[in-house]
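The next block holds one structure in the form of structure tokens; read it before the comments.
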Amino acid sequence: MRQAVRSGWARTWDRLAASDPGLLRLTAGLRTVAAIALTLAVLGLLRVPTAQLVAGAIAAMVSTFAIREKQRSGQAVTLALGLPVALASVSLGALLSQRVVAGDLFFVALIFCAVYSRRFGDRGTALGLIGFQVYFLSLFVGAAPATLPALYGVLTVAFVCSAVVRFVLLPETPTGTLDRLRRAFRARLGQLIASQVELLDAGPGDVEKVLEDLRTRTARLHETALMIQGRLEDGTADEATARLLQRRIADAEIAAERMGLLLLTARSAERTNTLTLHLPGAPLPTGGELPVRDEATAVLRRDLEALRLLVLRPLGEASGTALAQVRNRLLGYREEENLPKAAPAVQDVFRGLGEAARAVLGLRTALEGPQDESDDTPATARSREELEAEDAAIESSEEEEPKEPEPAGLGRPTTRAAVQVAIGSALAIAGGELLSSQRWYWAVLTCWIVFINTASTGEILVKGYRRLLGTMLGVVAGILLAGLVGHHTWTAFGLVLLFVFAMFYTAPLSYTLMSFFVTAMLGLLYTLLNTYTTAVLVLRVEETALGAACGVFAAALVLPIHTDRRTNELLVTVLERLGDVTRGAVEQLSGGTGADLVERARELDQALADLRAATQPLTHPITPMRARRATARYVVALLETCAYHARSLAATAELLPTHPTIAADPRLRQACGRIMHNIEAIAGHLADPRSGARTRTGPSIASMLEPGTLRTPRYGRVTDRVLRHLQRLDEAVSGLGRPLGVSTAAQPAT
């Protein structure tokens with residue numbers, strides 16, 4: 001019974017970890033709610049008025065969510081600096097509340113400084129946010145000079161309670177966060193393998209749905225890998241450990257994605273294009289026929305489930321004779337003589353199983369250290385030797401690539417955003433006061449918020465639309481809740497805590513949902529302040545619409561960064577990173593000197609993530625430009641395909657010094673020449689459409705390598721896998737030229 005309960009809890013925890021990688025959303029929501037609850041408890045014992053309870057709740061929320069630094073020491077310093085900033089801000093808000101012109105001018109200046117401070121990193125961002133939000137707090141609760149002493153005490157209590165929750169009740173360390181992210185990676189890897197099992201079993205009517213699940217879970221696994229890469233430096237003891245974990249995470253991700261491609265190929269009459277995994281709605285090749293239900297297929301299904309078991313087995317519980325036998329069997333598929341008799345495409349899946357098992361073994365070794373080797377077969381022993389040789393080859397590098405100089409003046413993103421939001425806020429103040437001399441600050445708040453984490457006019461437009469929609473829905477909820485709760489103070493505060501948690505838990509998933517919970521919460525706060533009316537909530541919708549319009553107007557006319565320009569800049573960055581990874585991998589596979597390919601691949605993934613976020617205005621469901629939406633989705637999918645093949649080449653190149661079956665081949669340099677030329681031509685066209693850059697076409701990569709001279713076995717000097725990745729990368733890069741308007745020329749004879 002106890003074992004069943006423990007297993008059930010482990011499965012539930014894995015699902016939670018998979019849905020919320022690192023439990024970051026859960027932790028953020030719980031910490032903020034706990035800080036507010038503790039503040040309200042202390043202030044309730046002191047019997048302060050309701051208005052001061054509201055001020056304390058808002059201050060506790062701001063002092064908790066504003067701090068984003070990863071190290072505890074940095075968080076403590078920022079929190080300590082935040083209190084005097086908050087005291088100064090509430091003082092100025094109270095003193096200037098009766099001086100309309102001076103107060104408005106100061107508010108605009110404060111907004112400019114709060115946005116500009118983002119250039120100073122996480123601490124500057126946090127202090128700017130605290131300064132702005134506490135000034136807003138003073139307007140919301142109607143602070144006056146006579147109430148300042150009491151407000152000083154309330155703010156101090158809120159900041160102290162926030163510190164107690166952050167450092168005592170719900171402490172968070174970079175190591176703990178990284179550990180939870182690794183668990184999330186393992187859970188999502190298990191989910192992806194489960195989708196692959198479903199793909200193997202799916203009938204003709206179910207295959208499209210299963211394929212969509214496969215795409216979604218592949219993307220989620222990659223998302224978690226990116227989150228881990230962003231926290232390795234702070235969450236590990238040294239650079240060598242960070243590099244080792246980064247390498248093992250990358251190996252497992254590539255092996256899992258390759259398994260999906262091999263299964264898709266086994267279901268079809270031709271080799272599957274990688275684009276099938278990355279482009280939503282892409283059809284399965286040749287309709288996705290079911291494989292023959294023979295003995296090999298039954299064994300394949302059993303071993304996929306066995307691989308999933310190895311992945312999901314809790315760390316420290318992966319021992320035992322049965323599990324050792326499963327691991328040995330899967331690793332045995334790396335040897336040609338152990339492959340079952342089956343069609344070539346199905347045999348490729350078994351080879352992929354062997355490589356995935358090796359990646360899981362490497363990941364567990366990196367996380368847990370040396371394991372029991374008493375039950376190892378020769379194939380497993382060889383895999384361990386390869387992993388140990390790779391681990392020994394990973395050395396920390398002290399050299400850092402020179403950083404690109406930041407643009408100066410108005411060319412700096414933080415300066416441009418500060419000017420835009422200051423002008424937009426000035427318009428929002430003027431228009432907001434025409435709507436209401438008492439609630440005008442809602443327009444300013446919306447204008448401020450739509451600029452946060454946005455970099456183009458299109459992103460601001462989409463964010464403004466989402467905030468307005470969420471606000472309208474929240475007003476309806478606020479009206480209903482205000483009628484139900486009435487003046488039951490502590491019931492209303494309980495609902496406020498629930499909405500705060502929901503706000504932070506849903507924020508990364510849906511900005512509309514977050515805005516809904518914010519507005520519903522504000523309806524309750526207005527009830528507590530005895531200022532609630534239906535007209536007040538309707539006014540909030542009007543002020544929100546005005547603030548969003550002012551933000552879009554300022555973004556479109558004041559130092560604008562149009563979506564096309566932004567996406568083109570990010571496209572060029574992605575292509576440059578793609579070229580760096582490809583060039584470095586091929587150089588190493590050709591016998592050249594090694595490079596930090598894992599770090600280059602990480603930079604490529606991050607650049608691609610930035611591009612994906614920037615294209616949201618183009619791919620949003622409400623965009624009227626359907627053709628551009630389809631083009632943007634196709635280009636991003638092609639780039640994700642390119643990134644997959646480049647990562648795979650980099651992973652293979654890093655095996656070169658230690659893997660006994662891979663050797664350098666100098667001819668790869670020539671074969672890679674066309675790929676590099678096409679990448680540079682597309683980047684040049686995006687940077688200057690008048691440049692006349694043209695992509696090249698020509699013979700396949702395999703034919704360029706003079707196959708008549710290749711007298712090596714399947715896993716000899718140039719492996720089939722390297723050739724496939726180069727060929728697919730060549731095709732994907734060439735395919736990018738068409739939607740981006742780059743003309744093509746035949747490759748000159750050599």
Side-chain angles (χ1 to χ4, degrees), residues 11 13-25 177-200 210-232 245-264 272 274-280 282 304-305 307-313 315 352-353 355-364 366-367 508-509 598 601-602 604-606 608-609 612-613 636-637 639-648 650-651:
R11 287 194 297 271
W13 187 258
D14 278 345
R15 291 193 191 99
L16 182 60
S19 64
D20 179 14
L23 304 181
L24 299 181
R25 290 185 285 121
T177 301
L178 182 59
D179 181 65
R180 293 195 299 273
L181 283 171
R182 293 196 300 246
R183 292 173 183 268
F185 182 85
R186 180 170 55 85
R188 286 192 166 183
L189 181 56
Q191 289 180 343
L192 178 56
I193 297 172
S195 291
Q196 293 169 354
V197 174
E198 292 173 5
L199 179 65
L200 184 65
V210 173
L211 179 57
E212 193 57 40
D213 289 342
L214 190 67
R215 292 189 187 110
T216 300
R217 290 181 174 180
T218 300
R220 286 178 177 173
L221 184 69
H222 183 60
E223 174 196 27
T224 311
L226 278 178
M227 295 172 72
I228 290 173
Q229 290 172 1
R231 294 177 180 267
L232 281 173
L245 285 174
Q246 186 177 20
R247 172 61 188 276
R248 296 300 172 226
I249 291 289
D251 284 347
E253 181 193 358
I254 292 170
E257 190 167 354
R258 181 167 177 261
M259 278 290 301
L261 289 170
L262 293 173
L263 280 166
L264 286 170
T272 302
T274 320
L275 190 63
T276 305
L277 267 187
H278 298 130
L279 182 61
L304 279 170
E305 290 285 5
L307 178 64
R308 181 168 174 267
L309 175 65
L310 285 180
V311 168
L312 293 179
R313 195 70 172 183
L315 299 180
L353 262 174
E355 294 301 321
R358 178 190 184 277
V360 172
L361 176 63
L363 186 59
R364 284 195 172 277
L367 296 178
L509 303 178
V598 175
R602 188 191 72 80
L604 168 61
D605 288 338
Q606 187 57 58
L608 189 52
R612 196 180 299 112
V636 171
L639 286 169
E640 288 175 339
T641 294
C642 293
Y644 163 73
H645 292 297
R647 287 197 305 269
S648 299

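If you're wondering where the values come from, they're calculated on a predicted model, not measured in any experiment.
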Evaluate the side-chain proximity of [Y] to [X]: yes if any heavy-atom separation is below 4.5 Å, no if none is.
X: Leu307; Y: Val360; answer: yes
X: Thr224; Y: Glu253; answer: no
X: Tyr644; Y: Arg258; answer: yes
X: Leu178; Y: Arg182; answer: yes
X: Glu640; Y: Arg612; answer: yes
X: Val197; Y: Arg308; answer: no
X: Leu263; Y: Leu304; answer: yes
X: Leu312; Y: Ile193; answer: no

So how far is it from [X] [atom1] to [Y] [atom2], rounded to the nearest 0.5 Å?
X: His222; Y: Phe185; atom1: NE2; atom2: CZ; value: 10.5 Å
X: Leu200; Y: Leu264; atom1: CG; atom2: CG; value: 11.0 Å
X: Asp179; Y: Ile228; atom1: CG; atom2: CD1; value: 10.0 Å
X: Ile249; Y: Ile254; atom1: CD1; atom2: CD1; value: 11.5 Å

[X] and [Y]: which non-hydrogen atoms are nearest, and at how many Å?
X: Ala255; Y: Ala356; result: CB-CA, 3.8 Å
X: Leu262; Y: Gly352; result: CD1-CA, 3.8 Å
X: Arg180; Y: Leu23; result: CD-CD1, 3.7 Å
X: Leu226; Y: Ala609; result: CD1-CB, 4.0 Å

Check whether [X] reaches the backbone of [Y] with its side chain - one donor and one acceptor, N or O, closer than 3.5 Å.
X: Asp213; Y: Ser195; result: no
X: Gln196; Y: Ala256; result: yes
X: Arg364; Y: Leu310; result: yes

From CA spacing to verdict: side-chain contact (heavy atoms from CB on, under 4.5 Å), His645, Thr641: CA-CA 6 Å; His645 292 297; Thr641 294; 3.7 Å; yes
Counterpart residues, side chain to side chain donor-acceptor pair (under 3.5 Å), relative to Arg602 (two or more places apart):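 Glu599.
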Test side-chain contact (heavy atoms from CB on, under 4.5 Å) applied to Asp605 and Arg647, step by step: CA-CA 9 Å; Asp605 288 338; Arg647 287 197 305 269; 2.9 Å; yes
Passing candidate, side-chain contact (heavy atoms from CB on, under 4.5 Å) with Val311, options Gln191, Arg186, Arg188: Arg186
Side-chain ion pair, Glu212 and Arg215, N-O less than 4.0 Å: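 Salt bridge flag = yes for Arg215 with Glu212.
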Step-by-step side-chain contact (heavy atoms from CB on, under 4.5 Å) determination, Leu192 to Thr218: CA-CA 6 Å; Leu192 178 56; Thr218 300; 3.4 Å; yes
